[in-house]
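The next block holds one structure in the form of structure tokens; read it before the comments.
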Amino acid sequence: MLNHINPHDIYSLYIHIPFCTSKCSYCAFYSEVISNVVEERKTFGQKIIQELRFLVGNLETPFSTAYIGGGNPGLLPIEDLQGLLDLIGTHGPTGETSIEMNPESLRIEHETLFDHGLDRLSIGIQSMNERHVKTLGRNANISINMRAASIIREFRKSKSFGLNCDLVTCIPGQTIEDAISDIDVVIALFNPNHISLYNLTVEEGTPLADRVDNGTLQVMDEDGQAEMLQACWDHLKSRGFEHYEISNFSRDNAGRSHHNERYWRLENYIGIGPSAAGTLFKSDSQALRTNGVNNLHAYVDKAPFTTYTYEILDERQLMLETLLVALRTREGIDKRVWNRRFSYDFQMLFRDRVSYLSTIDPYLFSDTEVRFSLTEKGFMVLDAIIIHMSEALEICKDTEPT
């Protein structure tokens with residue numbers, strides 16, 4: 001990976017901490033239960049710090065943003081988290097440095113992390129309803145969530161930082177009133193400047209999927225999900241949150257997840273750790289996708305930077321990725337940026353596709369000379385719109401660019 005990094009380029013950084021105390025019933029992300037990986041857990045911190053030290057040694061500019069996620073980074077010793085944060089700041093402060101943490105792992109001792117460059121905390125609350133927390137298979141319960149809120153209030157007595165709270169909607173058995181109550185309780189307890197509101201997805205191979213398959217759990221139908229999402233979106237806006245990405249809400253521009261915005265704009269980012277992905281641009285229309293091995297044992301045992309795989313993304317793949325990520329955002333696709341980056345003119349490439357969408361429902365999107373973006377109504381059918389738009393890319397296989 002180091003051979004593909006330009007020391008003068010601007011990068012964001014993602015670090016994956018693959019530990020959980022147990023797996024949530026809906027989670028399909030790579031992680032290991034700590035009781036099963038005792039020896040590897042002891043050496044993991046040393047290994048990830050070693051890789052990061054090599055990485056920053058090959059750079060000459062500060063990271064634009066940094067995000068330590070998982071898993072549950074709160075299970076890493078505080079000394080290791082401090083070491084990672086210190087290395088992240090080697091070449092100067094980032095524009096934003098975040099750590100993800102589950103409420104049961106948050107401790108008052110974590111306040112020291114703000115002295116090492118941390119300026120944003122993301123807490124996975126998911127629900128403030130005991131029954132729904134159990135359905136999700138969370139370790140935390142309501143009293144643990146409230147304890148985390150109390151700790152954050154203590155932090156705020158001397159520290160200034162951004163705070164995101166994750167919530168999940170469309171949980172089997174959840175009502176609109178339940179979902180709105182979750183929003184109000186989280187705002188009252190945590191006073192976050194950012195909320196991520198995710199629609200529960202049933203992923204293959206998870207315990208939640210098994211319960212759905214055997215009929216012991218029934219998921220909400222599409223109409224019910226759309227009704228609940230719209231009610232939550234409307235309520236968040238009434239509470240002063242801007243809907244700037246399909247699952248993300250912020251009180252103001254400063255409170256947005258600037259790290260995620262770099263993903264959505266297809267900008268350089270480096271991923272280190274087991275299962276961590278990265279995208280390194282070789283040019284505007286070609287990139288190298290990196291992926292960490294989904295195996296903690298291999299990651300710990302092998303030499304630094306020997307457990308990553310690489311894939312070249314060509315222009316057509318990057319155009320598809322732009323559709324996948326940019327259409328999730330309120331700003332959508334800036335046609336001027338598209339036309340500078342790619343050799344296919346946006347207007348000409350998608351003209352027929354956009355025209356057809358307008359015959360179905362002109363309120364699904366906004367199309368101006370400068371920008372193509374989806375409305376909230378379009379967000380509701382995002383996957384179908386992306387599939388429809390992406391069919392235009394098939395012609396790129398056989399035609400010359402304009």
Which pair of non-hydrogen atoms, one from [X] and one from [Y], has the smallest distance, and what is that distance?
| X | Y | result |
| --- | --- | --- |
| I333 | A326 | CG1-CB, 3.6 Å |
| I125 | P103 | CD1-CG, 4.4 Å |
| N58 | P7 | O-CB, 3.2 Å |

Close side-chain approach of [X] to [Y], heavy-atom, < 4.5 Å:
| X | Y | answer |
| --- | --- | --- |
| L76 | I68 | no |
| P18 | Y299 | no |
| R120 | H259 | no |
| I78 | Q82 | yes |
| F161 | L118 | no |
| N164 | F190 | no |
| L208 | L217 | yes |

Got a donor-acceptor contact below 3.5 angstrom from the [X] side chain to the [Y] backbone?
| X | Y | answer |
| --- | --- | --- |
| N145 | I142 | no |
| K237 | H243 | no |
| T169 | L229 | no |
| H297 | E40 | no |

Just to verify, which of Y11, Y14, Y263 counts as forming a ring-ring contact (aromatic ring centres under 6.0 Å, His included) with Y269?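 Result for ring-ring contact (aromatic ring centres under 6.0 Å, His included) with Y269: Y263.
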Do [X] and [Y] make the cut of ring centroids closer than 6.0 angstrom?
| X | Y | result |
| --- | --- | --- |
| F114 | F155 | yes |
| F19 | F44 | yes |
| H4 | Y310 | yes |
| H194 | Y244 | yes |

How about [X] and [Y]: does a side-chain donor come under 3.5 Å of a side-chain acceptor?
| X | Y | result |
| --- | --- | --- |
| D115 | T112 | no |
| S196 | N248 | yes |
| Q174 | N129 | no |
| E111 | S158 | yes |
| N141 | S143 | yes |
| S12 | E267 | no |

Does a salt bridge link [X] with [Y], judged by any charged N lying under 4.0 Å from a carboxylate O?
| X | Y | answer |
| --- | --- | --- |
| D367 | K335 | yes |
| R256 | E331 | yes |
| E369 | R336 | no |
| E96 | R262 | no |

Name the orientation class of the two ring planes belonging to F342 and W338 (parallel below 30°, tilted from 30 to 60°, perpendicular beyond 60°). perpendicular
Measure the acute angle between the ring planes of F379 and W233, then classify it against the limits of 30° and 60° as parallel, tilted or perpendicular.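 Geometry flag for W233 against F379: perpendicular rings.
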Could you check whether R239 makes a cation-pi contact with F249, meaning its NZ or CZ is under 6.0 Å from the centre of the six-membered ring and within 45° of the ring axis? no
I need the L197 CG to I183 CD1 distance, nearest 0.5 Å.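 It is 5.5 Å, given to the nearest 0.5 Å.
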Walk me through whether D234 and Q230 qualify under side-chain hydrogen bond (donor to acceptor under 3.5 Å, both in side chains). CA-CA 6 Å; D234 290 344; Q230 190 63 61; 3.0 Å; yes
Can D178 and S181 be said to form a side-chain hydrogen bond (donor to acceptor under 3.5 Å, both in side chains), step by step? CA-CA 5 Å; D178 291 340; S181 175; over 6 Å; no
E394 and R316: CA distance, side-chain angles, deciding distance, salt bridge (charged side-chain N to carboxylate O under 4.0 Å, His left out) verdict: CA-CA 9 Å; E394 291 301 311; R316 183 173 170 274; 2.6 Å; yes
